[in-house]
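Take a look at the structure set out below.
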Protein chains: 2
Amino acid sequence: MKSTLENFLEAIPQVNTLEHFQAATEELRDKLGLEHVVYHWVNSVGERFGAGTYSSEWVDRYLEKDYLRMDPVIFGCFQRFTPVNWKQLDWSTKAAKAFLVEAIDFGVGNQGYTIPIRGPHGQFALFTVNNTASDADWEAFIDAYGRDLIIVGHEFNKKALEFEAGDTALPTPSLSPRELMAISYLAKGLSRAQAAQEMGISEHTLRVYIEAARHKLGALNTTHAVARALSTGVIIV
Amino acid sequence: MKSTLENFLEAIPQVNTLEHFQAATEELRDKLGLEHVVYHWVNSVGERFGAGTYSSEWVDRYLEKDYLRMDPVIFGCFQRFTPVNWKQLDWSTKAAKAFLVEAIDFGVGNQGYTIPIRGPHGQFALFTVNNTASDADWEAFIDAYGRDLIIVGHEFNKKALEFEAGDTALPTPSLSPRELMAISYLAKGLSRAQAAQEMGISEHTLRVYIEAARHKLGALNTTHAVARALSTGVIIV
DNA sequence: TAATGCCTCCCTATTTTGGGGGAGGGTGAA
DNA sequence: TTCACCCTCCCCCAAAATAGGGAGGCATTA
């Protein structure tokens, strides 16, 4: 790789603390001459972790207003696989426009490139680079660094997963094949009776699987069990 | 990028048919002097799609025996984020050993490197390179090409997503804020009564939201609605 | 061998959802 | 303004799911 990022990438494995992680985002920002570099994620139990160069005021404001729920970047990344150039998103709603204006007020650049990263167990992370630049300059930057940034995002995510593994090693519940089938059918919208028929067993038996799965998944009811099974990746719709 | 793969990567956007996709796997195999290059995936409705250089006999055998359910490579990739070097996997069970022997019988090389790729809506794909080689040679190969292969896998996946999008262009339903809240609470395991209390409205009203969301999502029941909301990304966690 | 986990079936009772109806007031866009 | 969509509330009743409790057979494995 010709890239300026080669040395940076090789240094990532040595990142061992959150402070160091934070420092890495700052280093990358300076190396690339950007305004912001941010990595953040949401894990399967809704905990959030982030490191990056946004001002703490903006982060606080963002969390306070629960912008996660309307941020077009989050929305775009959630629905796509490929990196998202902010300019390509739909900023037409009033709320989105106001959000963008406010973000820029808080020192966020007008151009951004966010890479969605998906891990096991429904893990979802975002790696963002941000700057104030013309459309043409930004295009050129993305052309030059887009692919490398994907690799950097992945390396960051690998690190973040290591941190989590150390913190909260949550054992993925292992459902039996029949339990998986039962939950899968419910996720597809079948009633218990239909699912039982589909599996060629009595509804009573099916119910036992659902209950077992519910307990293994730590779920409060069937809907919750299906939700957890989906978001932890034990079933695929 | 210094890599031999630069030209190859630039050609991927021109891939427009499944035959061409297949040809691309063969081209990559030849370019890198490998025995096999395989891309395959499972989408959100359980359809499978694959292209690669494994013999059709091995693919048939694999599907017939439903090896998907016990293949250690699949298992490893499901649980991890980072690429999997086959040698690092747990091949200790009898079934796994027999599986590996059989695979080699069918012309699969002893060394493999598989990259898990996760997309929106629960999409999960695997990109595998495979060869017969010594451990040291294989290590060297992965050192040299590992990162580029991640990019190649992503480009393949982008193409595969385009193919699917052409097939089944499903418009993402737009739920109202209250509908989203309602569905989110249910996904968290609350009953209608609890969710209503949480939202400060009567249970009757909440029910109206659930029903509206159900219809918008084309769901057969509440559980189905939550499942669809999660897997299409309209709600998080 | 004993233990564990899986698969299958059954009971009763209570609680929760689902599918139909309604009604009124608000906001935003064409 | 009219139209559409959102938010809020209410009725009834049938259907489905939930929470407990059982039981036996069949693998695998410690």
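Each chain gets a letter, A, B and so on, in the order its sequence line appears, and its residues count up from 1.
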Axis-to-axis angle between the two ends of the helix from C:dT1-D:dA30 to C:dA30-D:dT1 (five base pairs per end, rounded to 10 degrees):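 For the helix from C:dT1-D:dA30 to C:dA30-D:dT1, the axes at either end differ by 60°.
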Once you round it to whole Å, what is the distance between [atom2] of [N] and [atom1] of [X]?
X: B:Leu190; N: D:dA17; atom1: CG; atom2: P; answer: 20 Å
X: B:Tyr185; N: C:dT17; atom1: OH; atom2: C1'; answer: 21 Å
X: A:Leu220; N: C:dT16; atom1: CG; atom2: P; answer: 13 Å
X: B:Arg214; N: C:dT17; atom1: CZ; atom2: P; answer: 12 Å
X: B:Arg192; N: D:dA17; atom1: CZ; atom2: C1'; answer: 12 Å
X: A:Ile210; N: C:dT16; atom1: CD1; atom2: C1'; answer: 16 Å
X: B:Glu211; N: C:dT17; atom1: CD; atom2: P; answer: 12 Å
X: A:His224; N: D:dA17; atom1: NE2; atom2: C1'; answer: 17 Å

How does each nucleotide of nucleotides 5-11 of chain C score, in 5' to 3' order, for protein heavy atoms under 4.0 Å: base (B), sugar-phosphate only (S), or none (-)? -SSBBBB
If a protein heavy atom is under 4.0 Å from the base, mark B; if only from the sugar-phosphate, S; if neither, -; do that for nucleotides 23-30 of chain C going 5' to 3'. --------
With sequence neighbours left out, write down each residue that passes side chain to side chain contact (heavy atoms under 4.5 Å, CB included) with B:Lys87, or none if nothing qualifies.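 In terms of side chain to side chain contact (heavy atoms under 4.5 Å, CB included), with neighbours along the sequence ignored, B:Lys87 is linked to B:Asn85, B:Asn110, B:Gln111, B:Asp135.
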Go through the structure and list residues passing side chain to side chain contact (heavy atoms under 4.5 Å, CB included) with A:Leu100, not counting sequence neighbours.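 If we apply the side chain to side chain contact (heavy atoms under 4.5 Å, CB included) test to A:Leu100, skipping adjacent residues, the hits are A:Trp91, A:Ile104.
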Count the heavy atoms of every other residue, nucleotide or ligand shown that sit under 6.0 Å from CD of A:Gln197, and state whether that count exceeds 12.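 Atom CD in A:Gln197 is not packed in, count stays at 12 or less.
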For atom NZ of B:Lys158, decide whether the heavy atoms of other residues, nucleotides or ligands shown that lie under 6.0 angstrom number more than 12.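 Atom NZ in B:Lys158 is not crowded, with 12 or fewer foreign heavy atoms closer than 6.0 Å.
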Any donor-acceptor pair under 3.5 Å from A:Arg178 side chain to A:Met199 backbone: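 Yes, because the side chain of A:Arg178 sits within donor-acceptor range (under 3.5 Å) of the backbone of A:Met199.
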Have [X] and [Y] got a donor and an acceptor in their side chains that come within less than 3.5 Å?
X: A:Thr223; Y: B:Thr223; answer: yes
X: A:Tyr39; Y: A:Asn157; answer: yes
X: B:Tyr62; Y: B:Asp71; answer: yes

Can you label the angle between the [X] ring and the [Y] ring as parallel, tilted or perpendicular, going by 30° and 60°?
X: B:His36; Y: B:Tyr54; answer: perpendicular
X: A:Phe156; Y: A:Phe127; answer: perpendicular
X: A:Tyr67; Y: A:Phe99; answer: perpendicular

Give each protein N/O atom lying under 3.5 Å from an N/O atom of nucleotides 25-29 of chain D, with the pair distance.
none

Taking the six-membered ring of A:Tyr185 as reference, does the NZ or CZ atom of A:Lys188 fall below 6.0 Å from its centre and within a 45° cone about the axis?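 Yes, a cation-pi geometry holds between A:Lys188 and A:Tyr185.
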Any non-hydrogen side-chain atom of B:Leu149 less than 4.5 Å from a side-chain atom of B:Val129?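 B:Leu149 reaches B:Val129 side chain to side chain.
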